[in-house]
Amino acid sequence: MVAITLPDGSVRSFDGPVTGAEIAQAIGTGLAKSALAIRIDGVMKDLGTTLTADARVAIVTRKDAEALELLRHDAAHIMAEAVKELYPDTQVTIGPAIENGFYYDFAREHPFTPDDLETIEQRMREIVARDEAITREEMDRDAAVAFFLGMGEKYKAELIAAIPEGQAISLYRQGGFIDLCRGPHLPSTAKLGKAFKLMKVAGAYWRGDSRNEMLQRIYGTAWFDEKELAAYLTMLEEAEKRDHRRLGRDMGLFHQQEEAVGAVFWHPKGWQLWRTVESYMRRRLEQNGYQEVKTPQLVDFSLWEASGHADKFSESMFTIKTQDERHLAVKPMNCPCHVQIFRTGIKSYRDLPLRMAEFGSCHRYEPSGALHGIMRVRAFTQDDAHIFCTEDQITSETIAFCELLKSVYADFGFTDIRVKFSDRPVKRAGSDVSWDKSENALRSAAEAAGLEMTLNPGEGAFYGPKLEFVLRDAIGRDWQCGTLQVDTVLPERLDAHYIAEDGSKTRPVMLHRAILGSFERFLGILIEHHAGRFPVWLAPVQVVVATITSEADAYARDVLTRLKAAGLRAELDIRNEKINYKVREHSLAKVPVMLVVGKREAETQAVAVRRLGGTTQEILALDDVIAKLTAEATVPGA
RNA sequence: GCCGAAAUAGCUCAGCGGUAGAGCAACUGAUUCGUAAUCAGUAGGCCCCCGGUUCAAAUCCGGGUUUCGGCACCA
């Protein structure tokens with residue numbers, strides 16, 4: 001007797017061993033049809049799994065959140081089967097489900113072409129139509145290694161060989177294709193359905209290590225129904241429309257060119273945006289007890305050797321040999337310079353916490369393949385600051401920083417924030433004792449700040465652990481921007497100290513922190529988040545005054561003067577064009593507010609207010625409109 | 001840096017051995033018009049760069065640069 005407890009608490013008894021499929025069948029034929037897998041005592045298993053003992057069982061259908069992962073994993077296997085059928089000289093490696101889809105890495109001499117993708121996708125549809133059963137089998141580890149080597153699958157054999165001896169290896173077979181896989185899988189290939197699409201081919205290193213050979217990765221997307229697939233593809237199109245490179249050009253914000261790779265030419269409108277963000281940040285920092293400084297662009301290389309940066313990053317530093325044989329580096333970061341300022345004069349415990357901020361312009365020779373629009377550049381400006389404090393102050397400084405960071409993000413329209421905790425990396429400076437100390441201090445400070453964190457093992461900076469703040473944008477993409485890092489190494493290496501209450505020389509702790517990260521990147525994110533339709537306070541041009549007829553020109557000029565006097569960034573459009581044309585043009589330029597004036601408005605000292613994207617107008621008295629817009633244009637927190 | 005793809009007018013793209021094209025934008029003229037494209041005309045090109053093949057190269061070949069999509073990297 002096997003007693004199965006279902007999620008609703010009811011119990012069903014079976015005479016002997018029973019499979020998940022049989023349980024589903026016993027509950028109902030409808031359920032049996034839609035059953036994809038089962039959950040035994042909370043663990044997802046194949047539908048074909050045989051139960052020999054009492055258990056809690058849930059039938060997994062497509063309504064289950066994790067079912068989509070199964071579907072995508074199956075899609076990866078079916079793609080591998082298709083590739084092996086079409087190109088038998090290919091070796092298979094790994095193929096997991098990922099966000100929105102799946103991929104599979106193949107080893108093959110000839111590159112896959114876009115045409116190949118179509119062929120493979122077509123074959124996948126055939127395999128789905130064949131409805132091949134997906135069955136699980138087990139094999140002894142060494143037998144499995146021999147089995148895959150015998151098939152010429154050396155990558156698979158390598159993966160299996162890394163599994164501890166004596167452990168049974170599970171294999172999944174579908175048609176003529178067999179793959180090493182932990183599972184679980186759907187019962188047959190037909191379950192994949194039609195809602196999938198191969199997206200792109202790309203290179204990827206074997207085992208994610210750049211010292212290894214490069215494999216060919218094919219990416220695909222898969223969904224339960226075609227509506228979801230279509231929605232996903234539409235989302236991608238939306239993302240493309242808000243691409244900051246396209247909007248940056250269309251809106252006249254900036255440009256980039258070959259002669260200054262990895263750098264940005266900011267045009268007047270883009271620079272206006274920058275200045276708005278910068279002055280906002282400057283005020284927030286002042287309000288929060290930071291002092292702003294400015295440090296040199298070119299600094300003798302010896303400082304970077306002393307700080308330890310040269311050890312790890314010399315290859316990505318721009319360096320200069322001067323005529324008088326000095327070896328300089330263009331600063332890749334600001335912290336060593338800030339320590340130099342801290343070190344001048346004698347600091348007392350009364351000076352701490354000392355919060356030193358800089359809009360630091362830095363250069364890093366980023367690998368060519370990493371460059372991406374203004375999001376990843378070689379010349380960038382950080383909203384950088386270092387808080388010199390005592391160990392006891394770490395918690396209160398962390399709490400204060402998190403408050404500031406959240407309110408800044410909220411002002412820019414980001415409210416969905418995630419936090420990652422990154423601990424010690426393999427290559428690091430400082431003793432294990434000091435790492436224990438700083439990791440514990442940061443963790444407890446973050447907990448005191450009420451943060452929910454996920455662990456990001458081994459991803460800390462070489463001098464200390466860090467918190468990383470990830471914000472989610474309007475279309476659900478994540479961007480890592482802010483950071484807070486605890487550092488006891490640099491104060492030591494660069495010999496910073498203060499006089500403690502008892503008169504002794506003591507090392508301060510340094511907290512490295514940034515909210516926006518780099519201005520270039522953050523502005524790129526802002527552009528994409530708002531799709532170029534900035535709120536009034538951020539918009540480079542806030543208002544356009546447009547005339548309907550030249551009879552209103554003089555009044556329109558008055559309106560412009562009044563707007564400018566009120567501090568609004570306004571432009572005038574008195575061209576001899578139809579109002580439709582003007583509305584369209586300024587709408588495409590994403591100007592948030594248009595004030596349309598004709599004869600009627602001129603006579604009554606009014607304006608017709610039209611909002612970007614709106615379809616209606618409101619006729620209002622000029623004075624009221626100016627008051628309203630001035631309020632809207634007010635920078636948050638001012 | 002690695003794998004793959006691409007580079008033609010300001011933008012989007014066609015042309016793929018035989019005189020460089022379209023739409024939009026720009027410019028000029030006309031139009032004074034009530035909320036997302038008025039009409040007509042004009043101009044615009046080192047076809048990414050350097051070599052090679054050829055009677056002839058935007059087109060084929062080699063090298064380079066940059067960009068794009070990933071991977072790796074990200075103090």
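Just so we're on the same page: letters track the sequence lines, and every chain starts at 1. Quantities reported herein were computed from a predicted structural model and do not represent experimental measurements. Scope of the values below: all heavy atoms of this structure, side chains included, with no hydrogens, waters or symmetry mates.
- Each of U67(B), C74(B), G70(B) was ranked by its minimum atom distance to the side chain of Lys200(A); first place goes to G70(B).
- Annotation: A14(B) and C3(B) have their P atoms spaced 27 Å apart (nearest Å).
- Asp432(A) and Lys437(A) are not joined by a salt bridge, as no carboxylate oxygen comes within less than 4.0 angstrom of a charged side-chain nitrogen.
- Cation-pi check for Arg108(A) over Phe112(A) is met; the charged atom lies under 6.0 angstrom from the ring centroid and within 45 degrees of its normal.
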Bracket notation of RNA chain B in which parentheses pair within the strand, [ ] cross earlier pairs, and | pairs with another strand (Watson-Crick or G-U, under 3.5 Å):
(((((((..((((....[..)))).(((((.......))))).....(((((..]....))))))))))))....
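- Looking at Glu601(A), its side chain comes within 3.5 Å of the base of G34(B) through a donor and an acceptor atom.
- Taking the salt bridge (Lys or Arg N to Asp or Glu O under 4.0 Å) definition, one finds that Arg246(A) meets it with nothing, sequence neighbours left out.
- Annotation: A57(B) and C16(B) have their C1' atoms spaced 11 Å apart (nearest Å).
- Taking only side-chain atoms of Arg245(A), from C-beta outward, the nucleotide of C68(B), A75(B), G4(B) with the closest atom is C68(B).
- Nucleotides A43(B) and U31(B) are separated by 23 Å at their P atoms, to the nearest Å.
- At a threshold of 4.0 angstrom between heavy atoms, the contacts of Gly373(A) are confined to the sugar-phosphate backbone, with no base atom among them.
- The phosphate of A36(B) has OP1 or OP2 within less than 4.0 Å of a side-chain N or O from Arg610(A).
- Residue contacts for Tyr219(A): at a heavy-atom cut-off of 4.0 Å it reaches the sugar-phosphate backbone alone, with no base atom in range.
- When distances run from any side-chain atom of Val583(A) to the nucleotides A36(B), C33(B), G70(B), the shortest one goes to A36(B).
- Between Tyr104(A) and Phe106(A), the ring centre distance stays below 6.0 Å.
- By the 6.0 Å and 45° rule, Lys312(A) does not stack over the aromatic ring of Phe462(A).
- For the segment residues 572-581 of chain A, the set of residues with a heavy atom within less than 4.0 Å of an atom of RNA chain B comprises Asn576(A), Glu577(A), Lys578(A), Ile579(A), Asn580(A), Tyr581(A), in numerical order.
- Every residue two or more places apart in sequence or in another chain was checked for a side-chain hydrogen bond (donor to acceptor under 3.5 Å, both in side chains) with His327(A), and none qualifies.
- Minimum atom distance to the side chain of Pro367(A) is reached by C73(B), of the listed C73(B), G69(B), U12(B).
- In this structure, Glu397(A) pairs ionically with Arg355(A), as a charged nitrogen and a carboxylate oxygen lie closer than 4.0 Å.
- The ring of Phe265(A) has its center no closer than 6.0 angstrom to the ring center of Phe254(A).
- Between the side chain of Ser316(A) and the base of A75(B) there is at least one donor-acceptor pair of N/O atoms closer than 3.5 Å.
- Using a 4.0 Å heavy-atom criterion, one finds that Ala461(A) contacts the sugar-phosphate atoms exclusively.
- Comparing the same atom, C1', in G41(B) and in A56(B) gives a spacing of 36 Å after rounding to whole Å.
- Aromatic rings from Phe359(A) and Phe519(A) are positioned such that their centres are separated by under 6.0 Å.
- In terms of position on RNA chain B, the residue among Met594(A) and Glu468(A) whose nearest nucleotide sits closer to the 5' end is Met594(A).
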Report all interatomic pairs (protein N or O, nucleotide N or O of nucleotides 60-65 of chain B) with separations under 3.5 Å.
unit_1 : atom_1 : unit_2    : atom_2 : d
U65(B) : O2'    : Glu258(A) : OE2    : 2.7

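- Remark: aromatic rings of Tyr463(A) and His512(A) are close, center separation under 6.0 Å.
- C48(B) and A7(B) are spaced 8 Å apart, taking the P atom of each and rounding to whole Å.
- Here Lys197(A) does not pair with Glu121(A) in a salt bridge; the nearest charged N to carboxylate O distance is not below 4.0 Å.
- Salt bridge present: Arg477(A) and Glu528(A) bring a charged side-chain N and a carboxylate O closer than 4.0 Å.
- The base of G1(B) sits within donor-acceptor range of the side chain of Tyr205(A), with an N or O pair under 3.5 Å.
- The base of C74(B) lies close enough to the side chain of Arg376(A) for a donor and an acceptor atom to sit less than 3.5 Å apart.
- Between A20(B) and G45(B), the two P atoms lie 13 Å apart (nearest whole Å).
- The two residues Lys466(A) and Gln485(A) make their nearest non-hydrogen contact at CB-CG, 3.2 Å.
- Proximity of the aromatic rings of Tyr232(A) and Trp223(A) is defined here by a centroid distance below 6.0 angstrom, and this criterion is met.
- Residues of residues 206-217 of chain A that place a heavy atom closer than 4.0 Å to RNA chain B, in numerical order, are Gly208(A), Ser210(A), Met214(A), Arg217(A).
- In this structure, Ala202(A) reaches the bases: a heavy-atom distance under 4.0 Å links it to at least one base atom across the strands shown.
- The residue His586(A) sits apart from the nucleic acid: no heavy atom pair falls under 4.0 Å.
- Here Phe388(A) and His338(A) keep their ring centres 6.0 angstrom or further from each other.
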